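Here's the structure, in structure tokens; my notes come after.
If you're wondering where the values come from, they're calculated on a predicted model, not measured in any experiment. For the numbers below, each heavy atom of this structure counts, side chains included, while hydrogens, waters and symmetry mates do not.
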Amino acid sequence: MKRRSIYVLIATILAVLVPAPGRFVYGVALVLELNLIMLIGTVINSLVKKMKLDELNTLIILIMMIAATILYRQIMILICPEVMLTLGLMIYLTPISVFSFGYIFSNREDPLPKRLKLNMIHVLTFSIYVLLYFLLRDLAGYGTFTFFGKAHQIYEKVIISPDNLGFFSIMASIPGALILSSVLLYIHIFVRNRFDIMDKVEENK
């Protein structure tokens with residue numbers, strides 16, 4: 001795994017994931033937004049390049065990503081306003097996060113299908129990490145499982161009694177979030193490196 005990718009992941013975790021409330025439903029909302037932003041950003045970047053507007057590239061992409069975020073937020077307000085109210089301005093950190101910019105502006109010379117495939121693989125892999133991170137924080141920190149519920153409300157299922165959480169309740173705090181994110185990041189990097197090694201072996205055959 002490239003060192004730049006590791007720095008991108010660390011910066012995104014510290015800026016977006018750690019400050020977010022440790023509930024699974026908020027993780028799902030952020031993951032959906034991140035995938036949407038990556039998809040739109042990659043397509044817009046290629047279109048701007050074809051239109052030869054390289055000087056305005058960053059500005060145009062940023063405007064389109066913010067516009068997509070506003071649209072996404074309005075749709076999510078109709079589905080579950082409590083989630084958007086809780087996330088607040090944090091929802092706008094995703095389009096300008098290092099993760100989004102790090103991959104959207106990479107490999108600009110490649111054709112759109114190839115760039116889209118690579119970027120979506122990166123974001124989908126990271127999405128698994130994010131969902132696992134929020135699921136563990138929800139279960140260990142609060143003893144619950146949360147998701148989008150009926151009547152525009154958050155569904156909450158108590159899995160573990162709060163009296164039985166003990167030390168694991170630290171996962172609901174910022175220090176616990178840092179500890180958990182560090183452990184999961186190590187696992188994520190280890191798995192990615194194993195896949196990279198397997199790819200190199202296949203190429204050398």
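Checked against side chain to side chain donor-acceptor pair (under 3.5 Å), Thr86 has the following partners two or more places apart in sequence or in another chain: Tyr26. For Leu47, the side-chain contact (heavy atoms from CB on, under 4.5 Å) partners at least two apart in sequence or on another chain are Val43, Ile44. A search for salt bridge (Lys or Arg N to Asp or Glu O under 4.0 Å) contacts involving Glu156 returns Arg23, not counting sequence neighbours. The side chain to side chain donor-acceptor pair (under 3.5 Å) test applied to Thr146 returns Asp138, not counting sequence neighbours. Every residue meeting the side-chain contact (heavy atoms from CB on, under 4.5 Å) condition with Leu185, not counting sequence neighbours, appears here in chain and number order: Leu9, Ile10, Ile13, Tyr129, Ile189.
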Full working for ring pair (Phe, Tyr, Trp, His ring centres under 6.0 Å) between Phe148 and Tyr155: CA-CA 6 Å; Phe148 298 104; Tyr155 167 80; over 10 Å; no
Please test Met90 against Leu93 for side chain to side chain contact (heavy atoms under 4.5 Å, CB included), starting from the C-alpha separation and ending with a verdict. CA-CA 5 Å; Met90 194 173 298; Leu93 292 178; 4.1 Å; yes
Start with the C-alpha gap between Thr94 and Val16, add the side-chain angles, then the distance that decides, and say whether side chain to side chain contact (heavy atoms under 4.5 Å, CB included) holds. CA-CA 7 Å; Thr94 301; Val16 181; 4.1 Å; yes
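Both Ile60 and Ile66 belong to a single network of hydrophobic side chains, linked directly or stepwise wherever heavy atoms of I, L, V, M, F, W or Y lie under 4.5 Å apart. When the side chains of ILVMFWY residues are joined at heavy-atom separations under 4.5 Å, either directly or via intervening members, Val130 and Tyr142 end up in two distinct hydrophobic clusters. Grouping the Ile, Leu, Val, Met, Phe, Trp and Tyr side chains by contacts below 4.5 angstrom, directly or via other members, places Leu59 apart from Met65. Taken together through direct or relayed side-chain contacts under 4.5 Å among Ile, Leu, Val, Met, Phe, Trp and Tyr, Ile128 and Leu180 form parts of separate hydrophobic clusters. By the criterion of side-chain heavy atoms lying less than 4.5 angstrom apart, applied directly or through intervening Ile, Leu, Val, Met, Phe, Trp or Tyr residues, Ile77 is grouped together with Leu87 in one hydrophobic cluster.
Nearest heavy atom pair, residue Leu17 against residue Arg137, reads O-NH1, 4.2 Å. Here the closest non-hydrogen pair linking Arg115 and Ser46 is NH1-OG, 3.0 Å. Scanning all heavy atoms of the two residues, the minimum distance from Leu30 to Ala20 falls at CD1-CB, 4.1 Å.
In this structure, CG on Leu184 lies 11.5 Å from CZ on Phe134, to the nearest 0.5 angstrom. Residue Ile61 holds its CD1 atom at 12.0 Å from NZ of Lys49, rounded to the nearest 0.5 Å. A distance of 10.0 Å separates CD1 of Ile121 from CG of Leu116, quoted to the nearest 0.5 Å. Between the CD1 atom in Ile154 and the CZ atom in Phe24 there is a gap of 13.0 Å [rounded to 0.5 Å]. Here CG of Leu135 is found 11.5 Å from CZ of Phe147. Values are rounded to the nearest 0.5 Å. Atom OG of Ser181 and atom CD1 of Ile174 lie 10.0 Å apart (nearest 0.5 Å).
In this structure, Tyr72 contributes its side chain and Ala29 its backbone to a donor-acceptor pair below 3.5 Å. Proximity of a side-chain donor or acceptor of His152 to a complementary backbone N or O of Cys80 within less than 3.5 Å is not detected.
In this structure, the side chains of Ile70 and Tyr92 come closer than 4.5 Å at one or more pairs of heavy atoms. Between Leu56 and Val48 the shortest side-chain heavy-atom distance does not fall below 4.5 Å.
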Could you pull out all donor-acceptor pairs under 3.5 Å where a side-chain atom in residues 34-42 meets a protein atom, sequence neighbours excluded?
{"unit_1": "Asn35", "atom_1": "ND2", "unit_2": "Val31", "atom_2": "O", "d": "2.7"}
{"unit_1": "Asn35", "atom_1": "ND2", "unit_2": "Ser127", "atom_2": "OG", "d": "3.0"}
{"unit_1": "Thr42", "atom_1": "OG1", "unit_2": "Met38", "atom_2": "O", "d": "2.7"}
{"unit_1": "Thr42", "atom_1": "OG1", "unit_2": "Asn119", "atom_2": "ND2", "d": "3.0"}

